[in-house]
Amino acid sequence: MAVDTLLERITDYASRPDPYPLYAELREAGVARQTDGSYLVGTYYDIVALLHDPRLSSDRRNRAAPHRDPDVEKEEQQRPSFIRLDDPEHHRLRSMAMRPFGPPHSPGRIDAIRDEITRITGELVESLPGRGRIDVVDDFAYPLPVTVICRLLGVPREDEPVFREWSATIVDSLDIRPGEDPGEREAAGRRARERMGRYLVDLAERRRGRPGDDMLTAFVNDPGPYGEFSREELAATATLLLVAGHETTVNLITNGVLTLLRHPDQLDLLRRDPGLLPGAVEELLRYEPPVHMLQRTPLTRLDIAGTTVPEGVPVVLVPASGSRDPKRFRDPDRFDLTRTDNQHLGFGSGIHLCYGAPLARLEAQAALGALSPRLATATLLEDPPPYRHSAVLRGPRHLPVEL
Amino acid sequence: MPGDPREGRIVVVGASLAGLRAAETLREEGFTGSLTVVGDEPHPPYDRPPLSKQVLLGTAAADATGLPMRREADAEWRLGVRATGLDPLGKRVLLADGDSLPYDRLLIATGTRARPWPHPEQAALDGVFTLRTREDAGILAERLAAGPRRVLVIGAGFTGSEIASACRERGVEVTVAERGPGPLVGALGGTLAKLAAGMQRAHGVDLRCGVTVTALRGRNGRFTGADLSDGSRVDADLCVVALGALRNVEWLADAGLAAGPHGVACDAGCRAFTMYGIVTDDVFVAGDVSRFPHPLFEYQMLSLEHWGNAVAQAEVAAHNMVSPGPLRRPHLTVPVFWSSQFGFTIKSVGVPAFSDQVTIAQGTLAERRLVAVYGYRGRVTAAVTLDMAKWLEHYRTLIETAAPFPPGPGAAGGRPLVTDFPIPSDVPDARGLSHGPTVALTGHLPDRRLTVVRSAG
């Protein structure tokens, strides 16, 4: 089939269970111009180069017509979060967000929450029935990261029904669906972001002047050298952290359980030697990553692997394909949790390298470590399971398993 | 013909970063023969970069920087004994304790040592230090913790600047004396040296450039201050001599190898040259003590005092020591180094000294976050980042592909998409500096003639 329909075929819902043959076709095609004028890149070394190339922008406002967001000129346009900004704004906001979360200012934060993650994971495993049918997503993979991110940010756990719908709408708005007018989805996403932002800023404001060890409290009470977030910045940042802090990890854990059940020999290895857990999570991030595509915009005409890409068009990078590139990984389609040479693209690379990576690693290790003893006698009830719609943040909607 | 290269006897002289990584790689690559690692320090391999940073700040103990072992090297460690000579014909390494070690293949990884203050009686004053070893760092950290009134640092290369940074962070007054026009000028050129000078002064360093220290003064055997060439005098309780490094090559004086002040010359496959420029096949070199040709820098001989180079070159050397000719690899890694000082992280890729121009490609001087790109005759040869290290990968690619300099427009950064004007990079002759550059281009000078003197008997 023609390579200019690859993006359509990859994002087609029917491809969700197994997009990997299409990725192989993409790597074969090189830099593939799509019928809508966007470009698709799926080879490891090209993706790494582009993620470090300062001529590629993460800011959608740099798109040229007809790829420009129609609302871009409007007054009420939302402030992008740092994931959709370039330096120096990106650096300023990410540094401010990092201040209560990681080094250099808070090097102990993730380590300090380790025990709590273990406890939450243990309780979730305890509450699973001894035998019978469970849904790995609803009963385990979703509640764990939600509880953890609520705890970290300082969002009441019981408010989950409040933000669940917003979060789903935001994730939906991030999807790539060629041929479909994104207007309605993006408008819905904007409204959801606005509501979630207002909700989180209100939470933060109530903590002003009060002690607390959560991040919202730190954001309003402990400004660093860059000063305080504006209201809009705080809304955008907190929304990003809450959504990205659980939507991706749910998929990582669920993909992990699914992959282990599909590879009983590897599950067996892991059960015998829990020391393999960190490597197993890295291999999952390579083999079945939660984030499949990243979008960038060239600020100038670029030569990518011999193809000239014009300024202002969407460039869609497919790190999930790069992590399966045989030019980089030996036996790339093999799930091998003892793999050592594993510099995968599961967390991206460059300045936008996943902010929450240390947390995601810890959560996935705890989740798979606690659950794997129960998986020995478990069977998949649906294979492939039903997937969520998104091709960008890919993962099962449910994962029914018989214990 | 020798048999399987994965068998036999290998001796590694030097038990620091390069020696350790080579030993591990030899086993990784299937070497099953006997392996001996000789080191003159009594300690198992340890990491040096923290010695001028965390250790001086008191956040890490001097003896807590041991290098992690990647795997069991299964080697005999001869630690605390110095190699004193090499008999290349008899294939033996001579040791200070009178022992000698026979080898089939040898790796020279003896590194460097701190260049001492040239007047021994002044250097012997209590309170005068150099910084290279764990012991040096331990005692210096202790003295800094005791709260000296002022520290004099001689030489504003990376080590000297990091020491000055540690002093300021501890609230200790510090004077830095540098013969060149600015700090780090040997590695980064004059333009960035101006920025470095500004950083030092903004952090309260009493920085004196264009001066030399003519004498260290003492009373009752204790250091009290120093005379400078401009006629001024600095009163201080401690003095750190940071005049760069000397290659540990003296033990090779009679070995007939191309060994000298710039190190031991080897080919791109890490095989040592003899003094006649003939390549050996059983003596290999890696790490700070080596000098090697690099195709990206017009095959000039490079000698690098970089952590990353020691690792990469040791791995190539080890691979080549146990691989037959056609499977051998060249050491082509683009040089990379980093330094942290005055709250900033400086990282460099390529060889900034190999340049005639420099431009700011990303960030700004005002923000104190930037990428400076260096060019030589119209192509990119190096980049230095100040707190923007995540972009280095891009510039490494530009260097590897000999991309045109100045780099084209289009940097994301919210400012006009043009690079600033390229200006001269202003790399000085390293001979005019207090500190040795940590990268030296050591090409043979055509005006020097080789004279071979054969000793009689």
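Residue numbers begin at 1 in each chain, while the letters A, B, ... track the order of the sequences.
- Once rounded to the nearest 0.5 Å, the distance linking OG1 of T397(B) with NE2 of H52(A) reads 9.0 Å.
- Of all heavy-atom pairs between K390(B) and G350(A), the closest is CD-O, 3.5 Å.
- Of all heavy-atom pairs between W391(B) and D87(A), the closest is NE1-OD2, 3.7 Å.
- Atom CD of Q343(A) has 12 or fewer neighbouring heavy atoms from other residues, nucleotides or ligands inside a 6.0 Å radius.
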* Run the side chain to side chain contact (heavy atoms under 4.5 Å, CB included) check on R55(A) and H394(B) step by step: do they pass? -> CA-CA 10 Å; R55(A) 296 168 299 175; H394(B) 174 64; 4.0 Å; yes
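- For R396(B), no part lies under 4.5 angstrom from a heavy atom of chain A.
- The number of heavy atoms from other shown groups lying within 6.0 Å of CD1 (I83(A)) does not exceed 12.
- For the atom pair I351(A) CD1 and Q362(B) CD, the distance stands at 8.0 Å (nearest 0.5 Å).
- Within a 6.0 Å radius of CZ in R272(A), other residues, nucleotides and ligands contribute 12 heavy atoms or fewer.
- Within 6.0 Å of atom CZ in R329(B), more than 12 heavy atoms from other residues, nucleotides or ligands are found, so the atom counts as buried in its surroundings.
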